Amino acid sequence: MALSKLSNLYRQVIMDHAKHPHNNHELDQADHELELRNPTCGDVLTVQLKIADNTVIDAAYTGTGCTISQASASMMTDQIKGKTTAEVEQMVLGFSDMVMGKDVPDQTKLLGEASILQSVAQFPARIKCATLAWKAAYQAIEESESND
């Protein structure tokens with residue numbers, strides 16, 4: 001019974017982020033932007049970042065996609081604000097490992113609410129949906145660092 005209640009909670013949090021996404025807008029004065037597509041299911045997300053002194057000051061996204069990609073982008077933008085670019089890169093790698101079913105030390109501390117998406121590991125076809133925004137943020141940071 002407890003597992004069923006936990007599963008319902010996870011679904012409710014994911015649906016809430018998909019229906020009422022956080023940071024789903026164009027970001028004024030974004031200095032880093034990257035669009036990624038998931039051709040498998042048609043998700044298209046653009047992640048925009050404002051970075052100063054190697055810290056993510058603000059993050060937002062726009063685009064369309066399935067419930068998982070939208071909820072994941074919403075949670076990701078919440079979690080990376082105020083983090084250093086090195087911390088964000090660590091978070092992205094941890095998130096990717098988590099949804100692939102690997103053990104991630106201090107997962108909840110590292111990913112916050114996004115750790116709810118751990119259940120995506122049970123659905124391999126959804127992994128690309130869940131990781132799309134995270135990969136876009138990672139690549140935007142990588143590109144910004146290579147331009148510095």
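Every value quoted in this text rests on a predicted model; they were computed, and no experiment measured them.
No side-chain heavy atom of Thr67 sits less than 4.5 Å from a side-chain heavy atom of His17. Side chains of Arg37 and Asp43 form no contact here, defined as non-hydrogen atoms less than 4.5 Å apart. The shortest side-chain heavy-atom distance between Val13 and Met75 falls under the 4.5 Å cut-off. Between His25 and Thr62, every side-chain heavy-atom pair lies at or beyond the 4.5 Å cut-off.
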Using a 3.5 Å cut-off and no angle test, enumerate the donor-acceptor pairs between side-chain atoms of residues 118-140 and protein atoms at least two apart in sequence or in another chain.
from   : atom 1 : to     : atom 2 : distance (Å)
Gln118 : OE1    : Gln107 : NE2    : 2.9
Thr131 : OG1    : Ile127 : O      : 3.0
Trp134 : NE1    : Ser72  : OG     : 2.9

Pairs under 3.5 angstrom only: tabulate donor-acceptor contacts from the side chains of residues 76-94 to other protein residues two or more places apart or in another chain.
from  : atom 1 : to     : atom 2 : distance (Å)
Thr77 : OG1    : Asn23  : ND2    : 2.9
Thr77 : OG1    : Ala73  : O      : 3.1
Thr77 : OG1    : Ser74  : O      : 3.0
Asp78 : OD1    : His22  : ND1    : 3.3
Asp78 : OD1    : Asn23  : ND2    : 2.9
Asp78 : OD2    : His22  : ND1    : 2.5
Lys81 : NZ     : Asn23  : OD1    : 2.6
Lys81 : NZ     : Asp58  : OD1    : 3.4
Thr84 : OG1    : Glu87  : N      : 3.0
Thr84 : OG1    : Glu87  : OE1    : 3.3
Thr85 : OG1    : Glu145 : OE2    : 3.2
Glu87 : OE1    : Thr84  : N      : 2.8

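Side-chain N or O atoms of Asp31 include one that pairs as donor or acceptor with a backbone N or O of Ile51 at under 3.5 Å. Of the possible polar contacts, none joining the Asp53 side chain to the Thr55 backbone as a donor-acceptor pair under 3.5 Å is found.
Here OG1 of Thr108 is found 8.5 Å from CG of Asp106. Values are rounded to the nearest 0.5 Å. Rounding to the nearest 0.5 Å places CG of Leu110 at 9.5 Å from OG of Ser115. Rounding to the nearest 0.5 Å places CG of Asn24 at 6.0 Å from CD of Gln70. Gln48 contributes atom CD, which lies 4.5 Å from atom CD of Glu33 (distance to the nearest 0.5 angstrom). Distance CG/Leu117 to CZ/Phe95: 4.5 Å, rounded to 0.5 Å.
A continuous path of ILVMFWY side-chain contacts below 4.5 Å connects Met100 to Ile116, so both sit in one hydrophobic cluster. Transitive grouping of hydrophobic side chains (ILVMFWY, heavy atoms separated by less than 4.5 Å) keeps Ile141 and Leu27 in distinct clusters.
For the pair Met98 and Leu111, the tightest heavy-atom approach, listed with the atom from each and the gap, is SD-CD1, 3.8 Å. Summarising the geometry of Leu49 relative to Ala59, their closest heavy-atom pair is CD2-CB, 3.7 Å, with the distance given to 0.1 Å.
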